[in-house]
2 protein chains.
Amino acid sequence: MRLTTKGRYAVTAMLDLALHSDQGPVSLSDISNRQGISLSYLEQLFSKLRKSVLVTSVRGPGGGYRLSRLKEDIFVAQIVDAVNESVDATGCSGRSDCQGGTTCLTHYLWCDLSDQIHDFLNQISLAQLVAREDVRQVAERQSIESQQTCVDDKINAAIIG
Amino acid sequence: MRLTTKGRYAVTAMLDLALHSDQGPVSLSDISNRQGISLSYLEQLFSKLRKSVLVTSVRGPGGGYRLSRLKEDIFVAQIVDAVNESVDATGCSGRSDCQGGTTCLTHYLWCDLSDQIHDFLNQISLAQLVAREDVRQVAERQSIESQQTCVDDKINAAIIG
DNA sequence: ATTTACCCGACTATTTTAGTAGGTTATTCC
DNA sequence: GGAATAACCTACTAAAATAGTCGGGTAAAT
Ligand code: FES
Ligand code: FES
């Protein structure tokens, strides 16, 4: 089982998308600014999210990404699965063969754990996350900060130009 | 969060120890033979398990390792914690600072997940695992195989000698 | 004294992660 | 039409973690 920044970034980016989904397509550079994730890295992640049909893209100016279905119908487990290979805790990917072709002593334990994690993450939708008070607070702070950054950029542009 | 062969090996080895705990100290080479884990690697893992006081060692011929307390009082989470740094799903180790010193959007989600995993693994004792039918079956098969290996070794020794 | 088996530190190949670089294609606004 | 925008794509890379190996110790039993 692996849950690293790859999966965490993907969920964070999707949540950002859900938070701003009412304002039309969201560009990756917006997400990059708000969430502090490298733009190139986001592109890689969204390539996978698009292949798993969790998002749809709109090209050209004013374009970006959109959730491909309702916030209520996208679950955290699906996002992690899309970028990580899976939330699988076994060493055999369910094949029961990690000890030279045969089942190891702890195979069933890791199967149970995998189910546990999957059930948990599969019952949390983006809509639920958006509704959480703690999430809203962080989102509001980021909104203020990114506006500030936007103003800073304009000042810098004015100085340079 | 990371759960790789390191943690899985540790739990497997401890379970092997629990299964043979009535026969006096169990040597690492026995565990290595039965579970197909490299001896040198087992030594590294048991060094950590010993520092976490999950096992006690007996040196010299006939020596090996013993569980430092009852099977009922050793839980999977403790074993994984001893060799892995922890079953922590956050990127900030609970410090709430993974986005340049501030809390990221998904911090609370990963905290919840960590709790979920920890609660699950912390309620499973070695005694419970030993009692499971699926575990007993694998253990029995390994017991037969390792006896066969033992006979093979004697035959090889006889041929060489 | 010798064997057994734990103990310890350093070293290494492989894999994964996290990120960079540099370009191409589609769309919109002027 | 042309410039700007932003998705799309491939390949490369530095750093870290994993999964070991190797070589020598030290304590205890026969
Ligand atoms: S984890 Fe499935 S056989 Fe070992
Ligand atoms: S995971 Fe804790 S702040 Fe991001």
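The figures that follow rest on heavy atoms only: side chains count, while hydrogens, waters and symmetry mates do not.
Applying the 3.5 Å distance criterion, the base of D:dT21 shares a donor-acceptor pair with the side chain of B:Q44.
A:S27 and A:S29 form a side-chain donor-acceptor contact under 3.5 Å, judged by distance and modelled atom types alone. Between B:T56 and B:S68, the side chains place no donor N or O within less than 3.5 Å of an acceptor N or O (distance only, hydrogens not considered).
Distance CZ (A:R8) to P (C:dG19): 11 Å, rounded to an integer number of Å. Rounded to whole Å, atom P of C:dG19 lies 14 Å from atom NZ of A:K48. Here C:dT15 presents its C1' atom at 12 Å from NZ of A:K6, a figure rounded to the nearest Å. When the P atom of C:dC6 is taken as reference, atom CZ of B:R66 falls 12 Å away, rounded to whole Å. Rounded to an integer number of Å, the gap from NZ of A:K51 to P of D:dC9 is 6 Å. Computed from coordinates, the B:L17 CG to C:dC6 P distance equals 11 Å when rounded to whole Å. The distance between atom CG of B:L49 and atom C1' of C:dC6, rounded to the nearest whole Å, is 14 Å. In this structure, A:L3 places its CG atom 16 Å from P of D:dA17, rounding to the nearest Å.
Every residue two or more places apart in sequence or in another chain that forms a side chain to side chain donor-acceptor pair (under 3.5 Å) with B:T102 is listed here: A:R141.
Residue A:T5 places at least one side-chain N or O closer than 4.0 Å to OP1 or OP2 of C:dA18. An OP1 or OP2 oxygen of D:dA19 is reached within less than 4.0 angstrom by no side-chain nitrogen or oxygen of B:S38. A close approach under 4.0 Å does not occur between any side-chain nitrogen or oxygen of A:S47 and OP1 or OP2 of D:dC8. Distances shown here put every side-chain N or O of B:Y9 at or beyond 4.0 Å from the OP1 or OP2 atom of D:dT18.
Taking CD from B:Q35 and CG from B:D30, the interatomic distance works out to 10.5 Å, rounded to the nearest 0.5 Å. For the atom pair OG of A:S47 and CG of A:L42, the computed distance is 12.0 Å after rounding to the nearest 0.5 Å.
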Please tabulate, one pair per line, all N/O donor-acceptor pairs under 3.5 Å involving side-chain atoms of residues 122-130 of chain B, not counting sequence neighbours.
| unit_1 | atom_1 | unit_2 | atom_2 | d |
| --- | --- | --- | --- | --- |
| B:S125 | OG | B:A127 | N | 3.4 |
| B:S125 | OG | B:Q128 | N | 3.2 |
| B:S125 | OG | B:Q128 | OE1 | 3.4 |
| B:Q128 | OE1 | B:S125 | N | 3.0 |

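Heavy atoms only, all atoms of each residue included: B:L54 and B:Q78 are closest at CD1-O, 3.8 Å.
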Contact list (N/O, under 3.5 angstrom) for nucleotides 5-7 of chain D vs protein:
| unit_1 | atom_1 | unit_2 | atom_2 | d |
| --- | --- | --- | --- | --- |
| D:dA7 | OP1 | A:L28 | N | 2.9 |
| D:dA7 | O3' | A:S57 | OG | 3.3 |
| D:dA7 | N3 | A:R59 | NH2 | 3.4 |

